[in-house]
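As structure tokens, the structure follows; a few thoughts come after it.
No hydrogens, no waters, no symmetry mates; every other heavy atom, side chains included, goes into these values. Remember, predicted model here, so these are calculated numbers, not experimental data.
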Amino acid sequence: MYRPMNSPNPNSLKSRFTKGFVKALIRINKNHPRSASSSISSSPREIRRRYHKIKTASYASMACAVGRRRAWSRALLWKIRNQACNGGVVRRSIGSRSHYSMKKRVEQNKVNELRKVVPGGEGMDTWSLLEETAHYMKCLTTQVKVMRTIVEIHSTTT
């Protein structure tokens with residue numbers, strides 16, 4: 001079994017994410033193995049499809065590693081399940097408030113933009129949103145580090 005570098009605790013966020021993400025990558029590769037002679041596997045459409053599957057696997061692995069304790073992870077898992085059921089269609093509505101002063105309106109626009117970026121942010125108050133954003137950023141940083149390690153390991157073995 002693969003054991004992540006610099007992560008002695010098998011229950012750490014990094015270890016849980018790595019384990020789930022590697023399993024998902026193996027599952028993706030088993031379902032659609034790439035062959036060197038196949039021109040379909042290198043078509044732009046196929047590349048986009050594989051990119052989307054890997055991206056979704058990465059997000060799902062991170063949200064599963066975090067668990068249901070965080071609003072962003074619950075929202076992300078819900079969104080992934082919903083996209084699978086609805087064929088990838090997700091609708092979002094954001095209302096605007098024109099009665100704020102110019103300064104408040106600019107501040108509110110920034111908070112609304114943050115709500116769009118953080119999964120589940122639409123229904124949070126500002127302070128909760130900031131707390132979830134900090135945790136989400138930490139998890140994304142971990143995700144990038146693990147993915148870089150996987151690429152380094154893969155590039156040295158091939």
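- Ser73 places a side-chain heavy atom less than 4.5 Å from the side chain of Arg70.
- Placement of Ile26 and Tyr59 within a single hydrophobic cluster is found when ILVMFWY residues are connected by side-chain heavy-atom separations under 4.5 Å, directly or transitively.
- Side chains of Phe17 and Cys64 form no contact here, defined as non-hydrogen atoms less than 4.5 Å apart.
- Expressed to the nearest 0.5 Å, how far CD of Glu113 lies from NZ of Lys116 amounts to 4.0 Å.
- Here the straight-line distance linking atom CD1 of Ile28 with atom NZ of Lys30 works out to 12.5 Å at 0.5 Å rounding.
- Following chains of ILVMFWY side-chain contacts shorter than 4.5 Å, one can reach Trp127 starting from Val111, so the two form part of one hydrophobic cluster.
- Contact between Leu13 and Met62 at its shortest, heavy atoms only, is CD1-SD, 4.0 Å.
- Leu129 and Leu140 fall within the same hydrophobic cluster, defined by Ile, Leu, Val, Met, Phe, Trp and Tyr side-chain heavy atoms under 4.5 Å apart, directly or through other members.
- Val66 places a side-chain heavy atom less than 4.5 Å from the side chain of His135.
- Checking Thr18 against Ser15 by side-chain atom types alone, no donor-acceptor pair falls below 3.5 Å.
- For the pair Asn82 and Lys79, the minimum side-chain heavy-atom distance is 4.5 Å or more.
- Placement of Leu77 and Tyr136 in two distinct hydrophobic clusters is found when ILVMFWY residues are connected by side-chain heavy-atom separations under 4.5 Å, directly or transitively.
- For the atom pair Lys53 NZ and Asn29 CG, the distance stands at 12.0 Å (nearest 0.5 Å).
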Report the C-alpha distance between Leu130 and Leu114 in whole Å, list the side-chain angles of each, state the deciding distance to 0.1 Å, and finish with yes or no for side chain to side chain contact (heavy atoms under 4.5 Å, CB included). CA-CA 9 Å; Leu130 293 173; Leu114 190 57; 3.9 Å; yes
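- Minimum heavy-atom separation, Thr156 to Ile153: OG1-O, 2.9 Å.
- Between Gln143 and Phe21, every side-chain heavy-atom pair lies at or beyond the 4.5 Å cut-off.
- Separating the CG atom in Leu25 from the CE atom in Met147 is a distance of 7.0 Å, to the nearest 0.5 Å.
- From Ser61, atom OG reaches atom CD1 of Ile54 across 11.5 Å, with rounding to the nearest 0.5 Å.
- Distance check: Thr142 OG1 to Met137 CE gives 12.0 Å after rounding to the nearest 0.5 Å.
- In terms of modelled atom types and a separation under 3.5 Å, the side chain of Ser128 and the main chain of Met124 share no donor-acceptor contact.
- Residues Val117 and Thr133 form no side-chain contact, since every pair of their non-hydrogen atoms from C-beta on lies 4.5 Å or further apart.
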Any chance you could lay out the salt bridge (Lys or Arg N to Asp or Glu O under 4.0 Å) test for Arg115 and Glu132, step after step, and finish with the verdict? CA-CA 10 Å; Arg115 281 191 171 98; Glu132 288 293 323; over 6 Å; no
